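Beneath this line is the structure, given in structure tokens, with notes to follow.
The structure presented is a predicted model; accordingly, all values stated were derived computationally and were not measured. One is the number of the first residue; the rest follow in order along the sequence.
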Amino acid sequence: MSTFTPSDLLTAWTADPVGLALVVLAAVPYLLLVRRAARAGLRPSAWRVTFYALVGVGSLAYAGCGALEVYRADVFWVGALRVGVLAAVTPVGLALGDPVGLLRHLHPDGAHPLLRFLHGRVSRAVTFPAVSTLLATGTLLVVFVTPVFTWSVTSRVAGVGLDLALLGTGLLFVVPLLTDDLLPRWATPPVRTFLAFVDGLLDAVPGIVVMTATTILSPGYPGFTSGVSGLDPLQDQRLGGGALLAVAESVGLPIIAAVFLDWIRSDEADARAADAEADAAQASRASLATRPTGSGSEVGAGTGAGEADGPATAPQADASGLWWEQDPRFASRYRRTAPDADEDARSPEDASGPPPRKG
């Protein structure tokens, strides 16, 4: 193979069967899901579909059939960049497409097998923020501080297994972070923003470890002896650490931004719900205040009953609790009136003498 040049990053392509299979598995089910959602009148978000196609499937195709696949065994930093893309970029693109949200709208009863799995105990355990973050970061460290990276470029089976592991551990963290109801209740939008920030810091650890290493971490890597990179092995390894670090930080910022925007939308939704509840309560109080106490027929019926059965009085809203104001015999006589009309309404008999004693 000829010496690697930067232009090869755009021109080198190969029809790798495994890479093509991964692209088909990622693209076709989502396309069918979007089509079903459109037929059901859900109108999937155009920007989400675009992110899924370009960032998710596009990065997967580039890692599986582009220059990252062609030179993965000959240039260390290209192979390291491929690992970073599969572990961070592709999962973020797939998660931003919101396939779980579309599936949930099509199956609101949660009867779909994937939805049942996502809400099961095993899924809850591995997607717990601390667990998923350690899995993602730990996988990258294991790849480069052990012979795993060398095995992945010399063995087809090991290479496929590593690709699936990178995609899986990346999705375990990103999908719950960008999807509602997959994390515990305490993982509110502010908490998820903090988790995304912490994950961005931890994702930088593998790149820093590889970049600052003073010895060769993968001595059996074939590219160190092929001369295709045109670089010193230690320099090539340091460039690989820098590529990992660049990918981690470039992806971490969009994740934080996406979670922060979700936080803003959540606050706006809560504010609208609170305003609607306050408006409904105010309308209910206004309706009760303007509602008539009874119709004319009801008043007449009440009067007739009073004449037949004896005097009947309604409880006074402004009664003070004194016995002569609540006794039916004296309630009308000692009913409180407005201060201005009190002197005019009071008769000489009322003004003279104390109130009669009960009994």
Side-chain angles (χ1 to χ4, degrees), residues 18-19 22 55-56 59-60 62-64 68-69 71-73 75-95 126-155 157-178 195-221 223-224 233-234 236-256:
V18 176
L22 290 176
V55 181
S59 64
L60 183 60
Y62 186 59
L68 302 185
E69 170 64 26
Y71 289 97
R72 62 183 294 192
V75 183
F76 185 92
W77 72 265
V78 172
L81 179 61
R82 183 180 185 275
V83 169
V85 168
L86 291 178
V89 178
T90 302
V92 169
L94 298 180
V126 297
T127 58
F128 190 78
V131 176
S132 59
T133 300
L134 292 178
L135 281 175
T137 305
T139 300
L140 290 178
L141 283 174
V142 169
V143 168
F144 291 103
V145 300
T146 67
V148 169
F149 184 65
T150 301
W151 296 342
S152 69
V153 299
T154 56
S155 170
V157 175
V160 175
L162 178 60
D163 291 349
L164 296 178
L166 294 173
L167 291 171
T169 54
L171 290 172
L172 283 178
F173 177 79
V174 177
V175 171
L177 193 68
L178 300 178
L195 292 175
F197 176 76
V198 172
D199 181 73
L201 295 178
L202 293 178
D203 284 345
V205 173
I208 294 174
V209 170
V210 176
M211 186 171 56
T212 58
T214 57
T215 59
I216 299 299
L217 299 176
S218 303
Y221 179 71
F224 288 154
L234 190 57
D236 195 4
Q237 178 177 282
R238 289 173 178 170
L239 288 177
L244 279 176
L245 182 60
V247 169
E249 296 308 310
S250 63
V251 172
L253 291 178
I255 292 177
I256 295 175

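The CG atom of Leu60 sits 7.0 Å away from atom CG of Leu94, with the distance rounded to the nearest 0.5 Å. Atom CG of Leu134 is separated from atom CZ of Phe128 by 10.5 Å, given to the nearest 0.5 angstrom. In this structure, the separation between CG on Leu140 and CZ on Phe149 is 11.5 Å, given to the nearest 0.5 Å.
No donor-acceptor distance shorter than 3.5 angstrom exists from the side chain of Ser155 to the backbone of Trp151, with no hydrogens or angles considered. A distance-only check finds a donor-acceptor pair linking the side chain of Ser250 to the backbone of Val247 [under 3.5 Å].
Shortest non-hydrogen contact noted between Val55 and Gly93 is CG1-CA, 3.7 Å. Closest of all the heavy-atom pairs between Ala196 and Leu177 is CB-CD2, 3.9 Å. Residues Val174 and Val92 approach most closely at CG1-CA, 3.9 Å, considering heavy atoms. Closest non-hydrogen pair, Ser218 versus Gln237, comes out as N-OE1, 4.1 Å.
Between Leu245 and Val210 the shortest side-chain heavy-atom distance does not fall below 4.5 Å.
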Atom pairs and distances, side-chain donor-acceptor, residues 76-83, under 3.5 Å, sequence neighbours left out:
residue	atom	partner	partner atom	Å
Arg82	NE	Ala63	O	2.8
Arg82	NE	Glu69	OE1	3.4
Arg82	NH1	Asp163	OD1	2.9
Arg82	NH2	Glu69	OE1	3.2
Arg82	NH2	Asp163	OD2	3.0

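Residues in residues 199-210 take part in no side chain to side chain donor-acceptor pair (under 3.5 Å) pair, two or more places apart or across chains.
Between Ser152 and the choices Val157, Leu162, Val143, the side-chain contact (heavy atoms from CB on, under 4.5 Å) rule is met once, by Leu162.
By the side-chain contact (heavy atoms from CB on, under 4.5 Å) test, Leu172 pairs with Val126, Thr127, Ser132, Leu135, sequence neighbours left out.
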